[in-house]
Novice: 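Input: one structure, supplied below.
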Amino acid sequence: MLKKIKCLIVLFSVFISFSSAQIGNQLGYHPKAEKRLFYPGQFANTDFKVLDMKGDVVFEGTTSSDKEWEYSGTSVCLADFSTLSKKGQYELIIKGRNDADPILISTSIYEDLSKALVKSFYHARVSVEILKEFAGEYARPAGHPDDKVIIHSSAASKQRAAGSTISSPGGWYDAGDFNKYIVNSSITTYSMLHAVEMYPERVKLMNLNIPESGNATPDLLDETIVNIKWMLTMQDPNDGGVYHKLTSKKFCGIKMPHKDLSDRYVVMKSTAATLDFAATMAKAARVIKDYKTDYQALEKECETAAHYAWLWAMANPSVLYKQADDIKTGQYKDDKIADEWFWAASELYLLSSDKKYLKKVDFDSTNFGVPQWGRVSSLGLYSILTQNDGKAKVSGEKKTAKKKLLFQADKLVKEFENSAYRISITKFPWGSNSEVANQGVLLLQAYHLTNDSKYLKAADACASYILGANPLDYSFVTGFGRKSPMHIHERRSESDGIDAPVPGLLAGGPTLQAQHDCGKNKYPSEFPAMSYLDKECSFSTNEIAINWNAAAVYLFIGLESIYNEGNY
C-alpha cells in the first residue's frame, strides 16, 4: 500500500511539473524538420493555433489522442505542426492553457550547438594551458603534464620495467575524472573522424576558435588529431600492444586539473584496447590522407601503428582487461571482443585492401547493435558502407552490411513510430542520452543508404529528445535551452568557481543504475525515463563523457548538413 501511495505521489509531482510547460525541442526546429510539442493527456483531441509574432494565425490543428509511455509513467498527446516551414518565431496556443513558450524555426538552429559540442573537447585538453583567448572565463592552467607516466606492474615488460616511466602527454580528459582510456577514446575519435568523412563541407564551415583555427585543416579534425597524437603514445613501440588506460590509482577529489598531483600510470595491455586502437588508427590514416598540409607524416604514422597493433592482437587474441587490486578508477572492462575484431578487421581491410583481414570480417558470428564503447561492430558497418568501391573491393561486404544496418534501423523506426514521445529509446543504461545520440547516428547512416525519410525523421526526433522533447522537460546539453543541467558531475566545472558549467556538454541522462551515488531516495521517480538528478553527486545520471559528446557532435552536424546542403 505504501509503495502505491509513493508511486501516486511521484506521478502527481511529475504531472505538476510536466503540466507547467509545453514539452518540445527547446532550441527550435529546422524548416524541413518535423515539429511537435507534447502536452499532458488531458489536452488530447483539443484544437490549437500557431501564431506569428504579429498575432496572426499561421497554422491550426488538433492534438492527438493521449498515450502513456511506459518508461515515464506519463500520458501525453502531441500537437504536430510540421507543415509550417516558414522561418520565424511563433507561439502555440492550445485551448485550456494560458501559457506558451516561443517556438523558433530557423535554418541555423543547430549551428551554435554543434560548435559548442565540439569546442567542449578543447576545454578537456590535457597537458596544455587552456587560454583565455580561446576559452574566455573557462581558461585554466595546464593539468597533468604526463611526461613521466609510470609503468604499472601489470604493464611491465622486458623492455619497460615496472616503475620506469614513459611520456604520454595530451589527449582529452575522458569524463568527469582526469584519466584517459583507450577503449573510450577510440569510439570517440572514430565518431569525429566519421563526421569529417561524411560531412566535409559542413565541417569546413565550423570555426571553433581553437589554437589551430586558420590552418588548412577543418577545426573538427584539428581537435580530433589532438587525441590521435596522444593515443599513439599508448602503443608500446617494442611489440605493438596498447595500454588499456593512463590513470591515477584512484579518483581524486573535486579539484582543478593542475591541483591534482597524483602519480599517473599506464596499466596492462589488452586485446580490446589494441583492436580499438588499430581500428581508429586505420580510420585516421584514411581520413587524414585528404588533409596532409598540416600533418605531413601523421597519415603514415597512423597506418603503421594500426598494422603493428593488429600483429600484437593476433599474437594475443584474448587478453581481457583485469583491474589490478591497487587501481580503483574506471575499468572499461569488456569480456566479449568479437565486435572489436570485426571493427578492426573492417578498417584495416578498407585501408589496405589486403584480403587477409577479410577472414575476421565475420558477419555471421558478430552481433550488431547501436554502438557504444563496448559494442563497436556497427562502426565497421558504417565504414564499409561509406567507403567507395574504387578504393577497396567491398561490394559484396556492402550488401551484407547494408542488410545488417537496416535491420537495426528498422527496429528503431518502429519504436519511434509507436512511442508516445516519438522516440526510439526503450532501454535506459548508464549514459542513456548517448544511447539516444548513437541511435540518431545509426538512423542517419540508414537515411544515407536509402534516402527514406522515415530514418531521417526518427534521427531528428533523437535530437529533439536530447534538447527537451522528453518527459523530464530537460535540454541535456549544458548552456542550451531554457532548462539545462547546471550541476554536472565533472571536476573542472564543480571547482572552477563559475556558476555555469562549460557549455556544450551532454549529460548522461536518466537511468536506474548506480543510484547509490546520491542515495536512491533522492531520485524523483522509479520510472527509468524519469530517474535523473541535476546534482554533482549523481555520476550515474549527470556525468559527462567524451564518447557521449562525440555521438552528439555527429548527430547535429549530420542533421545540419542534410537539411542545409541539398542532401534532403
Novice: May I ask you to decide if Ala550's main-chain N or O and Tyr554's side chain share a donor-acceptor pair within less than 3.5 Å?
Specialist: no
Novice: Taking the side chain from Thr280 and the backbone from Asp276, do they hold a donor-acceptor pair closer than 3.5 Å?
Specialist: yes
Novice: Mind listing the side-chain donor-acceptor pairs of residues 136-144 below 3.5 Å, one per line with the distance, residues two or more places apart or on another chain?
Specialist:
residue : atom : partner : partner atom : Å
Tyr138  : OH   : Ala500  : O            : 3.1
Tyr138  : OH   : Pro501  : O            : 3.1
Arg140  : NH2  : His123  : O            : 2.8
Arg140  : NH2  : Arg125  : O            : 2.8
His144  : ND1  : Tyr173  : OH           : 2.7
His144  : NE2  : Asp260  : OD2          : 2.8

Novice: Can you tell me how far the CG atom of Leu379 sits from the CG atom of Leu193, to the nearest 0.5 Å?
Specialist: 11.5 Å
Novice: Quick one: SG on Cys462 to CZ on Arg422, what's the gap to the nearest 0.5 Å?
Specialist: 14.0 Å
Novice: Answer with yes or no whether the side chains of Ser424 and Gln439 bring together a donor and an acceptor at under 3.5 Å.
Specialist: yes
Novice: Just distance, no hydrogens or angles: give the donor-acceptor pairs under 3.5 Å from side chains in residues 431-438, sequence neighbours left out.
Specialist:
residue : atom : partner : partner atom : Å
Ser432  : OG   : Pro510  : O            : 2.7
Asn433  : ND2  : Ala507  : O            : 2.9
Ser434  : OG   : Asn438  : ND2          : 3.4
Glu435  : OE1  : Arg375  : NH2          : 3.4
Asn438  : ND2  : Pro371  : O            : 3.3
Asn438  : ND2  : Ser434  : O            : 3.3

Novice: Is any side-chain N of the basic residue among Arg482 and Asp473 closer than 4.0 Å to the acidic one's carboxylate O?
Specialist: yes
Novice: Report yes if some heavy atom in the side chain of Leu456 is under 4.5 Å from a heavy atom in the side chain of Leu444; otherwise report no.
Specialist: yes
Novice: Less than 4.5 Å apart, side chain to side chain, heavy atoms only: is that true for Tyr265 and Ser248?
Specialist: no
Novice: Is it the case that more than 12 heavy atoms not belonging to Asn209 sit under 6.0 Å from its CG atom?
Specialist: yes
Novice: Are a donor atom and an acceptor atom from the side chains of Asp335 and Tyr321 found within less than 3.5 Å of each other?
Specialist: no
Novice: Could you tell me the separation between the NE2 atom of His489 and the CG atom of Leu533, rounded to the nearest 0.5 Å?
Specialist: 13.0 Å
Novice: Quick one: sort the Tyr332 and Tyr181 rings into parallel, tilted or perpendicular, breaks at 30° and 60°.
Specialist: tilted
Novice: With a 4.5 Å heavy-atom cut-off, do Ile546 and Ser185 have their side chains touching?
Specialist: yes
Novice: Can a cation-pi geometry be assigned to Lys483 and Tyr474, taking NZ or CZ under 6.0 Å from the six-membered ring centre and within 45° of the ring axis?
Specialist: yes
Novice: Just by distance, with hydrogens left out, do Asp174 and Asn179 show a side-chain donor and acceptor under 3.5 Å apart?
Specialist: no
Novice: Thinking salt bridges, do Lys283 and Glu197 make one under a 4.0 Å N-O criterion?
Specialist: yes
Novice: Strictly distance-based, threshold 3.5 Å: is any side-chain N or O of Gln22 a donor or acceptor partner for the main-chain N or O of Asp101?
Specialist: yes
Novice: Less than 4.5 Å apart, any side-chain heavy atom of Phe527 and any of Glu70?
Specialist: no
Novice: Regarding Glu212 and Thr217, do their side chains bring together a donor and an acceptor under 3.5 Å, going by distance alone?
Specialist: no
Novice: For the ring pair Tyr523 and Tyr532, is the centre-to-centre distance below 6.0 Å?
Specialist: no
Novice: Using side-chain heavy atoms (C-beta onward) and a distance below 4.5 Å, is Thr74 in contact with Tyr421?
Specialist: yes
Novice: Roughly how far, to the nearest 0.5 Å, is the CG atom of Asn549 from the CG atom of Leu505?
Specialist: 5.5 Å
Novice: First locate atom CZ of Phe556, then atom CG of Leu113, and finally report the distance between them rounded to the nearest 0.5 Å.
Specialist: 5.0 Å
Novice: Show the nearest heavy-atom pair for residues Ala273 and Val242, with the distance to one decimal.
Specialist: CB-O, 4.1 Å
Novice: Does Thr188 reach the main-chain N or O of Asn184 with its side chain, forming a donor-acceptor pair under 3.5 Å?
Specialist: yes
Novice: Please check this pair: side chain of Lys522 against backbone of Gln515, looking for a donor-acceptor N/O pair closer than 3.5 Å.
Specialist: no
Novice: In terms of relative ring orientation, are Trp69 and Tyr71 parallel, tilted or perpendicular, with 30° and 60° separating the classes?
Specialist: perpendicular
Novice: List the residues meeting ring-ring contact (aromatic ring centres under 6.0 Å, His included) with Trp548, not counting sequence neighbours, and say none if there are none.
Specialist: none
Novice: Pairs in or reaching into residues 539-549: which pass salt bridge (charged side-chain N to carboxylate O under 4.0 Å, His left out), with residues at least two apart or in two chains?
Specialist: none
Novice: For the pair Asp326 and Lys250, find out whether any cationic side-chain nitrogen is under 4.0 Å from an anionic carboxylate oxygen.
Specialist: no
Novice: Side chains of Leu512 and Phe428: does their closest heavy-atom pair fall under 4.5 Å?
Specialist: no
Novice: Taking the side chain as every heavy atom from C-beta outward, state whether Lys180 and Arg264 have any atom pair closer than 4.5 Å.
Specialist: yes
Novice: Using the ring centroid of each side chain, check whether Tyr110 and Tyr563 are separated by less than 6.0 Å.
Specialist: no
Novice: Do NZ/NE/NH1/NH2 and the carboxylate oxygens of Asp263 and Lys249 come within less than 4.0 Å?
Specialist: no
Novice: Can you tell me how the ring of Phe539 sits relative to the ring of His516, calling it parallel under 30°, perpendicular over 60° and tilted otherwise?
Specialist: perpendicular
Novice: Restricting to side chain to side chain contact (heavy atoms under 4.5 Å, CB included), what partner residues turn up for Thr271, sequence neighbours left out?
Specialist: Leu275, Trp312, Ala313, Val319, Ile337, Trp341
Novice: Using salt bridge (charged side-chain N to carboxylate O under 4.0 Å, His left out), reason through Asp177 and Arg491 one step at a time and then give a plain yes or no.
Specialist: CA-CA 6 Å; Asp177 61 292; Arg491 284 160 176 75; 5.6 Å; no
Novice: Rounded to the nearest 0.5 Å, what separation is found between the CG atom of Leu555 and the CG atom of Leu559?
Specialist: 5.0 Å
Novice: Check this for me: does any side-chain nitrogen of one of Glu34 and Arg36 sit under 4.0 Å from a carboxylate oxygen of the other?
Specialist: yes
Novice: Who pairs with Asp325 by side chain to side chain contact (heavy atoms under 4.5 Å, CB included), at least two apart in sequence or on another chain?
Specialist: none
Novice: Does any part of the side chain of Met231, heavy atoms only, come nearer than 4.5 Å to the side chain of Ile182, both counted from C-beta?
Specialist: yes
